[in-house]
2 protein chains.
Amino acid sequence: MTSTPLPDALRARGLRMTAPRQLVLEAVRRLGHATPEQLHDEVTRTAAGINLTTVYRTLELFEQMGLVTHTHLSHGAPTYHAADDQHVHLVCRGCGRVDEVGTELLAPLAATLADDRGFAVDVGHVALFGLCRDCAGEGSR
Amino acid sequence: MTSTPLPDALRARGLRMTAPRQLVLEAVRRLGHATPEQLHDEVTRTAAGINLTTVYRTLELFEQMGLVTHTHLSHGAPTYHAADDQHVHLVCRGCGRVDEVGTELLAPLAATLADDRGFAVDVGHVALFGLCRDCAGEGSR
DNA sequence: CTGCGTGCAAATTATTTGCATGCGC
DNA sequence: GCGCATGCAAATAATTTGCACGCAG
């Protein structure tokens, strides 16, 4: 199920398989999308010895390796998620709720941009801001 | 050209028209999109006495008033731009260049999301990440 | 005159970095 | 055993806040 075997991915680069790395990746996959701090919390729940610093370093490493990506959802909270879990984020500016939709919705737009401007949109990195059904309703109050 | 008269907008809320506010708004409009620090630089070029703090406070105020909005373009750099200058940002992850396209490209997508999920996308707040024509070319090197 | 808005400096939060030790290979 | 990765603590960057004065209304 876990599409990318971590040990292999690391070995392929002459890097090492360690507990913190394993745990951080699992946390990323489990939480779906989370800030470095939230990930640290989650990891700490299992292994108390993990340092926030290590989470940052590990995330940076994983990002270079293409295992995770990060996006800015709300106000300056960088959010990490597994690269093999591609989806578009719908961030509600009213209630802060983050919803997800498949990337296929962006396909037409991506095609247009590629054709028109030669710009290759990274569809796994998209966050759209707006108002969800509930908050849009309240807005008309 | 300046579609919203600042003094009026401020007075309408019982707020005051001051030099810093005038300057910050002008800077936002002139730069198109910029970080708080860049705006501070720009403002300082004209009036040396303006404090970074004031820029932050003024931007926050303007945002509440709906005069400017902010988006996160690259890695955690909040970028402000005038609300009446709506466009979609195309951020190249290769060279960092920020391009702009009209919001009309998002219309079909926005319609689909509204119809499908009841989510009202704020099209003036969208940033799409990816690779521009130049960087996509180098990628195949 | 009356308070809002500003400048200044300090506080707070988020993130990065250096160094010595431990562990994977 | 060798060197990468980690933990710890301190450094740095980014943003916010408190207070007293000056200026807009």
Side-chain angles (χ1 to χ4, degrees), chain A residues 5-28 33-65 67-80, chain B residues 5-28 34-65 67-68 70-80:
Chain A
L6 180 58
D8 287 5
L10 288 169
R11 296 245 180 80
R13 308 200 170 209
L15 298 175
R16 292 178 185 172
M17 206 348 238
T18 65
R21 288 178 176 173
Q22 175 82 41
L23 291 167
V24 169
L25 185 57
E26 278 173 13
V28 169
H33 42 72
T35 65
E37 203 178 314
Q38 290 175 318
L39 289 168
H40 177 236
D41 266 20
E42 178 70 16
V43 168
T44 298
R45 205 152 301 159
T46 310
I50 307 306
N51 199 288
L52 217 203
T53 306
T54 302
V55 175
Y56 276 102
R57 283 194 278 226
T58 304
L59 288 173
E60 192 185 323
L61 173 70
F62 284 170
E63 197 158 19
Q64 282 173 30
M65 293 174 57
L67 291 181
V68 304
T69 57
H70 81 283
T71 323
H72 292 277
L73 296 189
S74 54
H75 272 201
T79 312
Y80 288 79
Chain B
L6 181 57
D8 287 4
L10 288 170
R11 296 246 180 79
R13 307 199 170 210
L15 299 175
R16 292 178 185 172
M17 205 350 238
T18 64
R21 288 177 176 175
Q22 175 82 40
L23 290 167
V24 168
L25 185 56
E26 278 173 13
V28 169
T35 65
E37 203 178 314
Q38 291 175 318
L39 289 168
H40 176 237
D41 267 19
E42 178 70 16
V43 169
T44 298
R45 205 153 302 158
T46 310
I50 307 306
N51 199 289
L52 217 203
T53 305
T54 302
V55 175
Y56 277 102
R57 283 193 278 222
T58 303
L59 287 173
E60 192 185 325
L61 173 69
F62 284 172
E63 199 159 18
Q64 283 174 29
M65 295 175 57
L67 290 181
V68 305
H70 81 284
T71 324
H72 292 277
L73 295 188
S74 53
H75 272 201
T79 312
Y80 288 80

Peer 1: Can you tell whether the side chains of E42(A) and R45(A) come within less than 4.0 Å, N to carboxylate O?
Peer 2: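 Looking at R45(A) together with E42(A), the answer is yes, because their closest N to O distance falls below 4.0 Å.
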
Peer 1: In whole Å, I'd like the distance from the NE2 atom of H70(A) to the C1' atom of dT15(C).
Peer 2: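 After rounding, the reported distance stands at 12 Å.
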
Peer 1: Verify, without hydrogens or angle tests, whether H40(B) (side chain) and Y56(B) (backbone) share a donor-acceptor contact under 3.5 angstrom.
Peer 2: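 It does not hold such a pair.
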
Peer 1: Would you kindly give the CG-to-P distance between L23(A) and dT6(D), to the nearest whole Å?
Peer 2: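 After rounding, the gap between these two atoms is 11 Å.
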
Peer 1: Round to a whole Å and report the spacing from CG of L61(A) to P of dT16(C).
Peer 2: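 That distance rounds to 14 Å.
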
Peer 1: Rounded to the nearest angstrom, tell me the gap between atom CG in L10(A) and atom P in dC25(C).
Peer 2: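 The answer, rounded to whole Å, is 9 Å.
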
Peer 1: To the nearest Å, give me how far apart CZ (R13(A)) and P (dC4(D)) are.
Peer 2: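 It works out to 16 Å between those atoms.
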
Peer 1: Closer to the 5' end of DNA chain D via nearest nucleotide, is it T54(A) or P36(B)?
Peer 2: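 Nearer the 5' end of the strand: T54(A).
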
Peer 1: Determine whether L59(B) and H70(B) make a side-chain contact, defined as any pair of heavy atoms from C-beta on separated by less than 4.5 Å.
Peer 2: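 No - every pair of side-chain heavy atoms lies 4.5 Å or more apart.
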
Peer 1: Hey, is the side chain of N51(B) poking within less than 4.0 Å of OP1 or OP2 on dT6(C), counting only N and O atoms?
Peer 2: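 So the side chain of N51(B) is outside the cut-off, no N or O lying under 4.0 Å from OP1 or OP2 of dT6(C).
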
Peer 1: Among dT15(C), dT6(D), dT6(C), which nucleotide sits nearest the side chain of R21(B)?
Peer 2: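 The closest nucleotide is dT6(C).
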
Peer 1: Rounded to the nearest angstrom, tell me the gap between atom CD in Q38(B) and atom P in dA14(D).
Peer 2: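 Value for this atom pair: 12 Å.
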
Peer 1: At less than 4.0 Å, is any side-chain N or O atom of Y56(A) found next to OP1 or OP2 of dT16(C)? Yes or no.
Peer 2: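 No, because none of the side-chain N or O atoms of Y56(A) sits under 4.0 Å from OP1 or OP2 of dT16(C).
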
Peer 1: Report, as a single string ordered 5' to 3', how protein heavy atoms within less than 4.0 Å touch nucleotides 17-25 of chain D: B base, S sugar-phosphate only, - not at all.
Peer 2: BB-----BS

Peer 1: Kindly indicate whether the side chain of V68(A), heavy atoms from C-beta on, has any atom under 4.5 Å from the side chain of L25(A).
Peer 2: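 When only atoms from C-beta onward are counted, L25(A) and V68(A) do touch, with a gap below 4.5 Å.
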
Peer 1: Between C1' on dA5(D) and CG on L59(A), what's the gap in Å once rounded to a whole number?
Peer 2: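 Rounding to the nearest Å, CG of L59(A) and C1' of dA5(D) are 15 Å apart.
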
Peer 1: What contact category does G14(A) fall into here, base, sugar-phosphate, or nothing, at under 4.0 angstrom with non-hydrogen atoms?
Peer 2: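 G14(A): no heavy atom of the nucleic acid under 4.0 Å.
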
Peer 1: Looking only at heavy atoms, which two atoms of R21(A) and R16(A) are closest? And how far apart?
Peer 2: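 The answer is NH1-O, 2.8 Å.
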
Peer 1: Kindly indicate whether the side chain of M65(A), heavy atoms from C-beta on, has any atom under 4.5 Å from the side chain of L15(A).
Peer 2: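 Sidechains of L15(A) and M65(A): in contact.
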
Peer 1: Give, for atom CG of L39(A) and atom OG1 of T58(A), the distance between the pair rounded to the nearest 0.5 Å.
Peer 2: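 Between atom CG of L39(A) and atom OG1 of T58(A) there are 10.5 Å.
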
Peer 1: Without decimals, in angstroms, what is the distance between E37(A) CD and dT13(C) P?
Peer 2: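 In whole Å, dT13(C) P lies 10 Å from E37(A) CD.
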
